[in-house]
Amino acid sequence: MTKADGTGTYQLTAEERRVAAGRDLIIEVIASLMIPLIQLFALYVIIHGALGAGGGFQGGVILASSFILYVIAFGITGARKRLPESWNTGLQSLGVYIYAGVGLVCILVSLGFVQYLNYWALPLPVAYEMRRAMGMDFVEIGIGITVMATMTSLFFDLAWKEKEERKEVKESNEGGEKK
Amino acid sequence: MIVPLDLLMLFVIVVIAIATISAKDLFSAVILFGAYSFLMAVVWAEMHSIDVSFTEAAVGAGVSTAFLIAAVSRTARWEKG
C-alpha cells in the first residue's frame with residue numbers, strides 16, 4: 001500500500017489488516033475460544049451416539065459448524081488454505097470407505113454367517129462385546145467424517161467470492177514485496 | 001408432556017412459519033426460519049423425542065441457517081415483485 005504523500009510504501013500491521021478485511025477482535029477471540037470446545041463436543045456426540053442421543057450424522061454436522069464458525073470469524077481465504085478442497089474430497093471418500101469397509105470385513109471374516117450387525121467378527125484382539133461396541137463406533141466415525149467434509153465443502157462453495165479472494169491475495173502480495 | 005405448553009408452542013410455530021413465507025426481506029426470512037427450527041427442536045424434546053430434537057437443532061437451526069445466509073449473500077437480499 002502506498003503512503004498518503006505517494007512516497008514509498010509501508011507494511012500493514014495486523015490490526016490494520018483486520019480492519020481492512022472487516023473483521024473484529026472480539027469475534028476472533030471468542031471464536032478461537034469456542035472452536036475447540038465445539039469440536040470436543042462433536043467428538044463426544046460421535047462416540048456417545050451408540051448409547052444415547054446423537055450419532056455420526058449429528059456429530060459430523062456439529063464438527064462442520066465449527067469450521068463454519070472459523071470461516072465467519074477469520075475469513076474464508078485462510079480457512080481454504082488450512083482445509084483445502086482436495087482434503088475435503090479425500091475425507092468424503094475416506095468416511096465412506098470406513099463405513100463400507102467395516103461391514104465388508106465383518107462379512108468376509110464371518111464368511112457371511114450373519115448378514116446383519118455382525119460386528120463381533122472384527123479381527124481385533126479384544127472381547128466379544130468390546131468388538132461389537134468398537135465396530136459400531138467405527139461406523140459412526142466413518143459417517144461423521146463424510147458428513148463433516150460434505151457440509152464444510154458445501155459451505156465453502158456457497159461462501160466463496162472470487163472478487164474478495166483476489167483482493168486479499170493482491171494485498172498480501174503487496175505486503176510481502178514491500179520489505 | 002404438557003398439552004397446553006405444546007399447543008402454545010405449536011401456535012407460535014405456525015405464526016413464525018407464516019411470517020417466514022411472507023417476509024419480503026430474505027435475510028429476516030432466514031432468521032425466522034432458524035427460530036422456527038429451534039422452536040421445533042424444543043417441541044420434539046418436550047415430546048421425549050431427543051434424537052429427532054438433536055438433529056433438528058444441529059441441522060435445522062445450526063447449519064441450514066448458515067447455508068441460507070451464505071446463499072442470500074451470493075444473491076439478492078430483497079424479494080422482487
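Order of the sequence lines sets the chain letters (A, B, ...), proteins ahead of strands, with each chain counted from 1.
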message = Less than 4.5 Å apart, side chain to side chain, heavy atoms only: is that true for A/Q58 and B/V59?
response =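 No - every pair of side-chain heavy atoms lies 4.5 Å or more apart.
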
message = Could you check whether any side-chain heavy atom of B/F54 comes within less than 4.5 Å of a side-chain heavy atom of A/V45, counting everything from C-beta outward?
response =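 B/F54 vs A/V45: side chains touch.
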
Given the rule that I, L, V, M, F, W and Y join up when any side-chain heavy atoms are under 4.5 Å apart, are [X] and [Y] in one cluster?
| X | Y | result |
| --- | --- | --- |
| B/I2 | B/I13 | yes |
| A/I68 | A/V147 | yes |
| A/L91 | A/I141 | yes |
| A/Y97 | A/V139 | no |
| A/L69 | A/M148 | no |

message = For A/I26, is the CD1 atom crowded, meaning more than 12 foreign heavy atoms sit under 6.0 Å from it?
response =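 Open.
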
inquiry  = Tell me whether the count of non-hydrogen atoms from other residues, nucleotides or ligands lying under 6.0 Å of CZ in A/F74 goes above 12.
reply    =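 Counting neighbours around CZ of A/F74, more than 12 heavy atoms of other residues, nucleotides or ligands fall under 6.0 Å, so yes.
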
ask   = Between B/G62, B/A71, B/S73, which shows the greatest number of heavy-atom pairs under 4.5 Å with chain A?
value =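 Option with the top pair count is B/S73.
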
message = Using a 4.5 angstrom heavy-atom cutoff, name the option from B/I50, B/I69, B/V63 with the most pairs to chain A.
response =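 The residue among B/I50, B/I69, B/V63 with the greatest pair count is B/V63.
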
key: Donor-acceptor pair, side chain of B/R74 and main chain of A/A159, under 3.5 angstrom   =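 Checking the backbone N and O of A/A159 against the side chain of B/R74, no donor-acceptor pair under 3.5 Å is found.
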
query = How long is the span from the CG atom in B/D51 to the CZ atom in A/F57, to the nearest 0.5 Å?
reply =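 Going from CG on B/D51 over to CZ on A/F57, the span is 11.5 Å.
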
Spacing of CG belonging to A/D157 relative to CZ belonging to B/F67, to within rounding of 0.5 Å =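 One finds 9.5 Å between CG of A/D157 and CZ of B/F67.
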
ask   = What pair of heavy atoms forms the shortest contact from B/A66 to A/F155, and how long is it?
value =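 Smallest heavy-atom distance, with atoms named: O-CE1, 3.7 Å.
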
task = Could you tell me which non-hydrogen atom of B/A58 sits nearest to which non-hydrogen atom of A/I62, and how far apart they are?
result =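 That closest heavy-atom pairing would be CB-CG1, 4.3 Å.
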
